[in-house]
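Bear in mind the structure is a predicted one, so any value in this text is a computation, not a measurement. Just so you know, ligand 1 is whichever comes first in the structure, and atom 1 is the first atom listed for that ligand.
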Amino acid sequence: MALDGFRAAVKQGSLTDAISNVQQRTPESFNSHTLHIAVTGESGSGKSSLINAMRGLSAGDEGAAETGMLDTMTEPMAYPDPVLPGVTLWDLPGVGTSSFPLDSYCKQLNLSRFEFYIIVGSQRFRSDHARLACEIQRMGKRFYFVRSKADMDLDASRRQRPSSYNEERILEQIREDCRRGVAAEGVGHPQVFVVSSWEPNRYDFPLLRQTLQTELPLLKRHAFLLSLPAVTSPIINQKKAALKAEIWKIALFSCFLAAVPVPGLSFLGTFVVFRKHLFRYYSNFGVDNRSLSALAQQVGKPVEELTAVMTSLGMTPMTALKLLLDSVGAAVMVREYSWKRLPVFGAMVSGGVALITTYFMLRKCLASVADDTQRVLSKALEAERENTI
Ligand SMILES: Nc1nc2c(ncn2[C@@H]2O[C@H](COP(=O)(O)OP(=O)(O)OP(=O)(O)O)[C@@H](O)[C@H]2O)c(=O)[nH]1
Ligand SMILES: [Mg+2]
């Protein structure tokens, strides 16, 4: 997917243009992107059978995923969806086995590399599912919860209470149990489907396929937005490196200014230089007040939500003033005290302090403005994701 316009806007420090570039993309522009869907869940819950059913295959057919009572799977296996364009279904080992205990499951399988998830459960909603749902939420990603083996539940109910048997009521009870379980993890409107992979024409199986098909362009856009922070990071680092390379020149200027024998000039000069460059960094990266307001408006969020992630705001000129008072103040005292007796020594001390203070403070500022830019962009993209679905 062409990202030149987006990259150029970030490089120029125009975050609003970068977000406009994203907003202007039509759903069709994501068609070429392959959505990687991880089918995960407890061991033996019917993940592989679900993938086979989604691909119109039965266990044992050529190219079908391995199913059975034994958990032998160690590596995720990829299966292209034959109907949905640009969809790869990944059959994952079950969670909570001796090879894949819950605590290390996400890390072992590098779960974050997938873009969308289907959590498959075959019994009551369990804590393993809750943990998986939480982890997926934490990554800013989405999932469907599929409750499999509905045929077994219905069968059991028919045998136990044949007189009061009501298929739709039982299915709704199962859906409700799953929804409650997922919602308890803070997921607003969990999408729950009750299916039987043995009967792909019944229960919620057709709805699952239909929903996936309908939401596909949005899910692909969501995945695209999630991939952007990784694209912006090297651009911001490059900008940071370029600005960092010139800090020593600015520091040298402060040093000369500090050596001039005018009382207070050292302090004032360093402060003015610092203030000028701090504001320059803000506008260079596109996180000055005006740009932030425009960006917030563009993504439909209050500006406070964007500024909340910025740590460099603690480095206002006033705080810098305080810092400078502490560090440069000492040098000024030395210089002013020793000026008459040891003028060269005085000038060297105040110049040296101004050089070191300016150099390290500007480096620190630059690093935090660059980090803030990455965080603000991620926040703006997160807002865009919320606007997507
Ligand atoms: N009755 C019924 N049995 C099912 C259904 N789906 C899967 N099974 C059975 O459940 C068992 C496990 O199914 P798999 O698809 O291998 O489950 P899995 O989640 O891939 O298992 P692991 O990969 O070992 O974690 C198999 O014996 C399947 O035949 C279903 O919808 N209904
Ligand atoms: Mg399997």
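Of the polar atoms of Thr67, none of the N or O atoms is found under 3.5 Å from an N or O of ligand 1, judged by distance alone. An N or O contact shorter than 3.5 Å is missing between Glu66 and ligand 1 by distance. Polar contact with ligand 1: absent for Leu92 (N/O pair, distance under 3.5 Å). Geometrically, ligand 1 and Pro93 share no nitrogen or oxygen pair separated by less than 3.5 Å.
In this structure, the side chains of Thr16 and Ile19 stay at 4.5 Å or more apart for every pair of heavy atoms.
Residue Ser43 has at least one heavy-atom neighbour below 4.0 Å for each of these atoms of ligand 1: 25 (O). Atom numbering of ligand 1 starts at 1 in the shown order; those under 4.0 Å from a heavy atom of Ser49 are 6 (N), 7 (C), 13 (O), 14 (P), 15 (O), 28 (C). In the vicinity of Ser196, heavy-atom distances shorter than 4.0 Å reach the ligand 1 atoms 31 (O). Near Gly94, with a cut-off below 4.0 Å to any heavy atom, the atoms of ligand 1 are 25 (O).
Rounding to the nearest 0.5 Å places CZ of Phe145 at 9.5 Å from CG of Leu132.
Hydrophobic clustering of Ile, Leu, Val, Met, Phe, Trp and Tyr side chains at less than 4.5 Å, counting indirect connections, unites Phe360 with Ile247.
For the Mg ion (ligand 2), the set of nearby N, O or S atoms under 2.8 Å includes none belonging to Thr67.
Contacts of Asp151 with ligand 1, taken as heavy-atom pairs under 4.0 Å, involve the side chain alone. Counting heavy atoms closer than 4.0 Å to ligand 1, residue Met152 contributes side-chain atoms (C-beta onward) but none from N, CA, C or O.
A salt bridge links Asp155 with Arg159: the closest approach of a Lys/Arg side-chain nitrogen to an acidic carboxylate oxygen falls below 4.0 angstrom. Contact check on Asp81 versus Arg209 returns a salt bridge, with a Lys/Arg side-chain nitrogen under 4.0 Å from an Asp/Glu carboxylate oxygen.
Using modelled atom types, one finds no donor on one side chain facing an acceptor on the other under 3.5 Å when comparing Glu215 with Thr211.
For the pair Asp204 (side chain) and Phe193 (backbone), a donor-acceptor distance under 3.5 Å is absent.
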Hey, can you pull the donor-acceptor pairs under 3.5 Å for the side chains in residues 85-96, sequence neighbours left out?
| unit_1 | atom_1 | unit_2 | atom_2 | d |
| --- | --- | --- | --- | --- |
| Trp90 | NE1 | His36 | ND1 | 3.0 |
| Asp91 | OD1 | Ser48 | OG | 3.3 |
| Asp91 | OD2 | Ser48 | OG | 2.7 |

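The shortest heavy-atom distance from Ser148 to ligand 1 is not under 4.0 Å.
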